[in-house]
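Worksheet: the structure to be examined is printed underneath.
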Amino acid sequence: MIAYNENENQLKIIIPLSGIQELYDYKNAILRLLKKIEIDDCSPELINNLKSVYKLLIHMEL
């Protein structure tokens with residue numbers, strides 16, 4: 001679910017989870033996928049996309 005706070009001009013994304021373990025599972029799955037990417041062979045566009053994914057992972061911290 002995505003909620004928009006007009007007063008603060010912010011979006012809030014709510015992901016329903018069954019518990020903390022599910023959050024860890026999602027986070028670890030993303031990290032395992034990122035581990036397979038060869039940074040030296042990335043285009044500048046892919047590097048920017050990777051930066052966005054890492055920013056998202058920061059928001060998944062408890």
Side-chain angles (χ1 to χ4, degrees):
M1 179 177 99
I2 299 175
Y4 178 64
N5 182 332
E6 202 170 307
N7 294 332
E8 296 181 25
N9 196 28
Q10 290 183 340
L11 289 174
K12 180 185 281 189
I13 299 173
I14 300 168
I15 302 170
L17 300 171
S18 62
I20 300 244
Q21 186 58 50
E22 190 174 7
L23 175 65
Y24 287 137
D25 292 344
Y26 283 136
K27 183 180 174 186
N28 289 330
I30 293 169
L31 288 170
R32 284 191 297 272
L33 288 171
L34 289 171
K35 196 184 272 191
K36 296 191 177 282
I37 297 174
E38 296 289 332
I39 299 294
D40 296 335
D41 295 333
C42 290
S43 67
E45 181 182 15
L46 182 55
I47 289 173
N48 283 332
N49 291 333
L50 290 170
K51 288 177 184 179
S52 295
V53 171
Y54 278 104
K55 284 182 187 178
L56 176 64
L57 285 170
I58 289 170
H59 293 292
M60 296 175 77
E61 294 291 323
L62 295 176

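Position 1 is the first residue of the sequence, and the numbers go up from there.
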Exercise. Are Tyr26 and Leu23 connected, step by step, through hydrophobic side chains (Ile, Leu, Val, Met, Phe, Trp, Tyr) whose heavy atoms are closer than 4.5 Å?
Worked result: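 Shared cluster, yes.
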Check: residues 9-19 side-chain donor-acceptor pairs under 3.5 Å, at least two apart:
from: Asn9; atom 1: OD1; to: Tyr4; atom 2: OH; distance (Å): 2.6
from: Ser18; atom 1: OG; to: Glu22; atom 2: OE1; distance (Å): 2.9

Which pairs would a plain distance check flag for residues 28-42, meaning a side-chain donor or acceptor within less than 3.5 Å of a matching protein atom at least two apart in sequence or in another chain?
from: Asn28; atom 1: ND2; to: Tyr24; atom 2: O; distance (Å): 3.1

For this session: Mind listing the closest non-hydrogen atom pair of Met60 and Lys27 along with its distance?
Result: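 Answer, listing the atom of Met60 first, then Lys27: CE-N, 3.8 Å.
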Exercise. Going by atom types only, do Glu45 and Asn49 share a side-chain donor-acceptor pair under 3.5 Å?
Worked result: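 No, no side-chain donor-acceptor pair sits under 3.5 Å.
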